[in-house]
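Accompanying notes for the structure given below.
Chain naming here is simple, since letters A, B, ... match the order of the sequence lines and numbering starts at 1 in each. Computed from a predicted structure; not experimentally measured.
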Amino acid sequence: MTRTDKPMLDDKALDAFFDAARRESPQTSDALVAAILDDAAAHRPQGSIMSDAPILRSDDARAARGIWGDLVAAIGGWPALAGMATATVAGLWIGIAAPTEVEALSGGLIAGTEISLAADLYALEDLTPGYLNIDILLEDEG
Amino acid sequence: MALDAYAEATDDALLVLYGNGDPMAAELLTRRLAPRVLGYGTRLLGGDRAEAEDVTQEAMLRLWKIAPEWRTGEAKVSTWLFRVVSNLCTDRLRKRRTVDIDAIEEPTDDAPAAVDGMIQADRAVALQSALNNLPERQRMAVTLRHIEGMANPEIAQIMDISTEAVESLTARGKKALAIALADQREELGYDTD
């Protein structure tokens with residue numbers, strides 16, 4: 001390396017040049033900023049990214065959503081599914097909590113205190129008139 | 001919403017906001033990034049301010065266009081932008097060489113006139129003159145490392161080379177600058193601090 005023989009600035013002296021360059025950096029003009037912001041406005045997506053998603057044709061959409069997507073679509077989409085979920089939760093709650101209003105309407109059938117009481121009050125034949133002679137049939141077979 | 005509300009947001013977050021249609025985010029990104037990009041482009045293009053402004057506008061335009069597809073966390077916005085600027089400047093420098101080499105101003109013509117007690121502006125001009133004589137990749141690496149203050153791994157991403165290659169480029173570039181500026185000092189008869 002012949003260049004090592006040449007005079008060189010040391011790091012401190014060289015840093016002074018780098019520091020000067022940083023301080024003398026060109027400033028963006030108002031015209032440049034305006035031009036950049038004009039471009040930004042021209043290319044700014046409108047609304048959310050979701051609304052900019054490409055629109056699928058019906059065949060493409062069906063292929064893309066798969067079996068579960070088809071099932072959801074068949075019952076009316078996500079709003080219908082939400083309604084079903086609400087009804088399911090409400091049913092579960094009524095079953096577990098057995099509020100007094102429901103108890104009254106059911107004539108005590110689902111009374112929360114004594115389940116055996118309901119069994120005493122209502123025989124299976126009372127609830128399933130189509131199987132009135134089930135005891136007889138069972139006796140015959142037995 | 002006032003710009004102050006976005007002051008703490010990262011470049012990444014601002015670009016996503018712009019991609020969601022927020023105009024304020026574009027303004028803040030421009031204020032943050034355009035001056036840095038302009039300075040870097042000007043140095044790579046040998047001090048040609050007008051051409052550097054074109055490059056800055058073009059690079060920012062590419063940023064706006066990619067915003068809706070931007071994936072947060074994959075790359076820093078500034079790294080991506082400096083890479084675009086580097087490529088744009090490389091293309092322009094290549095065209096300069098092929099179009100008319102005589103039309104390019106001799107970089108040594110920019111040597112400072114002052115001899116005693118070089119002021120800051122003269123130092124900046126002298127450094128630009130010395131940078132102009134470096135090979136393009138060395139100029140790029142030295143500018144990013146010593147003027148933009150970037151770390152070697154980030155420079156490696158911008159230049160699409162290894163960190164070791166960055167170290168080599170900056171070391172050789174810095175040495176060449178130290179010699180060039182020392183030569184200039186002797187010729188002009190001034191002393192450093």
Side-chain angles (χ1 to χ4, degrees), chain A residues 1-61 63-66 69 77-79 82, chain B residues 16 18-23 25-27 29-31 34-43 47 49 52-53 56-58 60-61 63-65 67-68 118-128 130-131 142-143 146-149 174-183 185-186 192-193:
Chain A
M1 296 286 286
T2 55
R3 301 197 82 180
T4 51
D5 299 333
K6 294 188 176 182
M8 288 174 59
L9 293 186
D10 59 23
D11 279 355
K12 186 183 173 189
L14 197 54
D15 283 344
F17 283 86
F18 291 135
D19 186 52
R22 271 192 297 275
R23 291 172 189 272
E24 292 292 316
S25 288
Q27 300 300 309
T28 46
S29 64
D30 291 343
L32 176 61
V33 170
I36 291 170
L37 291 178
D38 280 350
D39 288 341
H43 291 85
R44 181 163 56 89
Q46 300 300 313
S48 69
I49 293 173
M50 294 288 284
S51 65
D52 288 335
I55 299 167
L56 296 175
R57 292 186 297 118
S58 59
D59 291 348
D60 294 338
R65 69 187 176 211
W78 291 107
Chain B
V16 171
Y18 170 77
N20 282 329
D22 189 330
E27 190 170 343
L29 275 173
T30 302
R31 288 188 186 185
R36 293 182 64 195
V37 167
L38 178 66
Y40 177 55
T42 304
R43 290 181 187 103
R49 166 73 184 254
E53 287 198 348
T56 301
Q57 189 179 353
E58 173 64 24
M60 293 300 290
L61 176 62
L63 185 66
W64 307 140
K65 285 181 176 175
M118 262 183 105
I119 59 171
Q120 184 171 280
D122 290 332
R123 280 184 173 164
V125 171
L127 179 65
Q128 181 64 56
L131 279 171
V142 167
T143 303
H146 294 290
I147 300 177
E148 294 301 328
K174 195 176 167 186
K175 185 176 175 184
L177 287 180
I179 291 169
L181 291 169
D183 284 348
R185 178 182 58 182
E186 284 186 345
T192 55
D193 295 339

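- Side-chain atoms of B/R43 come within 3.5 Å of backbone atoms of A/A21 as a donor-acceptor pair (strictly under, hydrogens ignored).
- Put simply, CG on A/L9 and CG on B/L177 are 9.0 Å apart, with the number rounded to the nearest 0.5 Å.
- Across A/D15, A/V33, A/D39, the residue that shares the most heavy-atom pairs under 4.5 angstrom with chain B is A/D39.
- With hydrogens and angles left out, the side-chain atoms of B/R36 and A/S25 include no donor and acceptor closer than 3.5 Å.
- For A/P7 against B/A182, the heavy-atom pair with the smallest separation is O-CB, 3.3 Å.
- When heavy atoms are compared at a cutoff of 4.5 Å, A/L37 approaches chain B solely by way of its side chain, counted from C-beta outward.
- Here the straight-line distance linking atom OG1 of A/T28 with atom CD of B/Q57 works out to 12.5 Å at 0.5 Å rounding.
- Using a 4.5 Å cut-off between heavy atoms, A/D19 does not touch chain B at all.
- Summarising the geometry, atom CD1 belonging to A/I36 is positioned 11.0 Å from atom CG belonging to B/L29; distances are rounded to the nearest 0.5 Å.
- Nearest heavy-atom pair, B/G19 versus A/P45, reported as atom, atom and distance to 0.1 Å: O-CG, 3.2 Å.
- Annotation: the span from B/D22 atom CG to A/R44 atom CZ amounts to 8.0 Å, rounded to 0.5 Å.
- Note: A/L32 CG to B/E53 CD = 5.0 Å, rounded to the nearest 0.5 Å.
- Between chain A and the options B/E58, B/M60, B/H146, the largest number of non-hydrogen pairs under 4.5 Å is found for B/H146.
- Every residue meeting the side chain to side chain contact (heavy atoms under 4.5 Å, CB included) condition with A/H43, not counting sequence neighbours, appears here in chain and number order: B/Y18, B/L61, B/W64, B/K65.
- Per-residue counts of heavy-atom pairs under 4.5 Å with chain B were compared for A/A41, A/A40, A/A20; the largest is that of A/A40.
- To the nearest 0.5 Å, atom CG of residue A/L14 and atom NZ of residue B/K174 are 6.0 Å apart.
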